[in-house]
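The structure appears below as structure tokens.
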Amino acid sequence: MANNDTHDAHDHNDHHEHGPDCGHEHGEITEADEQPRALLIGYGDIASRLAPMLIDIGFAVTGIRRRPNDANENDGIQVRAGDVSQAGTWAKLMQEPWDLIVVTLTPTEYSAEGYHQGYVVPMQHLVQQLPVESDTLVLYVSSTSVYGQRNGEWVDESSTTEPSLATGEQLLVAENTLRDGLLAKKAHVAIVRAAGIYGPGRERMYRAIQEGTYTITPVWHNRIHADDLAGALEHLALQHFMGATLDEVYIACEDEPLFGEDYVRHVAAQIGLDAAEVIAKAPKSNDVGARGNKRLSNKRLRESGWQLLSD
């Protein structure tokens, strides 16, 4: 998915292995008559991390992406070709019953129109095509860029959503399209607003700090590892199918935001650089920038029982 809350952070060298000692909860969904079915819309990085977790707890998993041959291979997962900006794709998919739909989309381009086509249009099709009586849980991954706060405020799910970027506005439109469109249907929905995602394949920040081109600004950085985001989605699915009532919105981020130089110091230490030297040489600016300045709270997700890899 797209992230507009912070710049991408450093890369973790090792991919997380999902097992009994990984720090995520483990349960199992049992059905007396048939295996529950999960549909992963936008089968990219986050979905490919989530898929084996869902298989572990009893789901049959199908992933949809434009080019299935580019998908990360996971045993037991059916990956199909499909353009979810097209109504016909949804019409075909909704002929099958789905217990869980997880939506992790990307923009067609990094512009307001690209976000409209990449996020809003697929949600318009989903709400139009999902059968009224379908008792489906829809987990939708959005971004904390829907919050436009600029003064270092603490932000939670009850905070005002006034995006400062046109792309954030489109993400909010997509959220509202989904929520409003499912009001008259039997389906359930939970929106997960993710902070800046980091992990393997997201090395832009790693490179900028290593090359000395990253500009230090007086803003808070809120992050979440890609595996922790996938774990949050698994957790919410498991909670729902074990009988819990989910909230409508969750913020997914780590426990403590990092401010300005502290953030650079943390990343430098992670990649083996001398933090003092990096900070001394890095360009600096007092400009808050279009992404704003806020501190995100994960209290709601934490209180639901979600655990981070670092726990």
Side-chain angles (χ1 to χ4, degrees), residues 1-14 16 23 46 141-157 159 163-165 168 192-232 250-303 306-311:
M1 67 161 273
N3 279 288
N4 298 291
D5 181 59
T6 73
H7 299 288
D8 289 336
H10 68 281
D11 179 31
H12 275 201
N13 292 327
D14 298 317
H16 167 62
I46 302 302
V141 177
S142 184
S143 166
T144 53
S145 65
V146 299
Y147 300 110
Q149 285 79 353
R150 299 180 60 80
N151 298 312
E153 305 97 316
W154 277 102
V155 168
D156 64 16
E157 292 83 358
S159 298
S164 56
L165 293 166
V192 179
R193 292 174 178 157
I197 305 172
Y198 70 100
R202 301 171 189 269
E203 295 94 355
R204 184 165 61 87
M205 179 61 67
Y206 172 102
R207 289 195 302 271
I209 289 178
Q210 196 168 39
E211 294 167 1
T213 58
Y214 174 75
T215 300
I216 300 175
T217 57
V219 299
W220 291 94
H221 296 263
N222 305 273
R223 311 188 312 155
I224 185 167
H225 191 280
D227 283 326
D228 281 321
L229 179 54
Y250 294 89
I251 290 174
C253 62
E254 294 179 347
D255 292 337
E256 296 293 336
L258 294 171
F259 188 75
E261 289 186 2
D262 290 335
Y263 173 67
V264 176
R265 191 174 291 110
H266 175 79
V267 174
Q270 290 285 327
I271 60 179
L273 299 177
D274 183 305
E277 183 179 348
V278 169
I279 291 170
K281 292 181 178 179
K284 299 171 181 66
S285 170
N286 288 323
D287 183 18
V288 169
R291 289 178 172 83
N293 179 27
K294 53 191 173 280
R295 288 177 282 177
L296 299 175
S297 170
N298 64 9
K299 182 179 179 183
R300 175 176 289 180
L301 194 52
R302 278 295 209 177
E303 288 183 346
W306 173 61
Q307 294 180 313
L308 288 161
L309 295 174
S310 57
D311 289 352

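Numbering starts at 1 and runs along the sequence shown.
- Leu296 and Ala195 make their closest contact through CD1-CB, 3.8 Å (heavy atoms, listed as atom of the first residue, atom of the second, distance).
- With sequence neighbours excluded, no residue forms a side-chain hydrogen bond (donor to acceptor under 3.5 Å, both in side chains) with Glu153.
- To the nearest 0.5 Å, atom CG of residue Leu301 and atom CD of residue Glu157 are 8.0 Å apart.
- Remark: Asn293 pairs with no residue by the side-chain hydrogen bond (donor to acceptor under 3.5 Å, both in side chains) rule, at least two apart or across chains.
- Within the 4.5 Å cutoff, side-chain heavy atoms of Leu229 are placed close to those of Ile197.
- Nearest heavy-atom pair, Ala275 versus Ala268, reported as atom, atom and distance to 0.1 Å: CA-CB, 3.9 Å.
- Partners of Gln210 under the side-chain hydrogen bond (donor to acceptor under 3.5 Å, both in side chains) rule, at least two apart in sequence or in another chain, do not exist in this structure.
- A donor-acceptor contact shorter than 3.5 Å is absent between the side chain of Arg223 and the backbone of Gly196.
- Every residue meeting the side chain to side chain contact (heavy atoms under 4.5 Å, CB included) condition with Thr217, not counting sequence neighbours, appears here in chain and number order: Thr215, Val219, Ser285.
- Side chain of Ser164 to main chain of Ala290: a donor-acceptor pair is present (N/O by atom type, distance under 3.5 Å, no hydrogens or angles).
- A heavy-atom distance below 4.5 Å is not found between the side chains of Tyr198 and Gln270.
- Sorted by first then second residue, the salt bridge (Lys or Arg N to Asp or Glu O under 4.0 Å) pairs that include residues 271-286, not counting sequence neighbours, are Glu277-Lys281.
- In this structure, Leu308 CG and Asp227 CG are separated by 11.5 Å, a value rounded to the nearest 0.5 Å.
- Qualifying salt bridge (Lys or Arg N to Asp or Glu O under 4.0 Å) partners for Arg302, counting only residues two or more places apart in sequence or in other chains: Asp255, Asp311.
- Residue pairs meeting the salt bridge (Lys or Arg N to Asp or Glu O under 4.0 Å) criterion with at least one member in residues 205-219, sequence neighbours excluded, do not occur.
- Within the 4.5 Å cutoff, no side-chain heavy atoms of Lys299 are placed close to those of Asp156.
- Residues that satisfy the side chain to side chain contact (heavy atoms under 4.5 Å, CB included) test with Leu258, not counting sequence neighbours, are Tyr263, His266.
- Remark: Ala282 pairs with Ile216 by the side chain to side chain contact (heavy atoms under 4.5 Å, CB included) rule, at least two apart or across chains.
- The closest donor-acceptor contact from the side chain of Asn298 to the backbone of Cys253 lies under 3.5 Å.
- Contact annotation: the side chain of Pro218 approaches that of Asn286 to within less than 4.5 Å [non-hydrogen atoms, C-beta and beyond].
- Side-chain atoms of Asp228 never come within 3.5 Å of backbone atoms of Glu254 as a donor-acceptor pair (strictly under, hydrogens ignored).
- Residues meeting the salt bridge (Lys or Arg N to Asp or Glu O under 4.0 Å) test with Glu261, sequence neighbours left out: Arg265.
- Here the OG-CG distance, from Ser143 to Leu165, works out to 9.5 Å after rounding to the nearest 0.5 Å.
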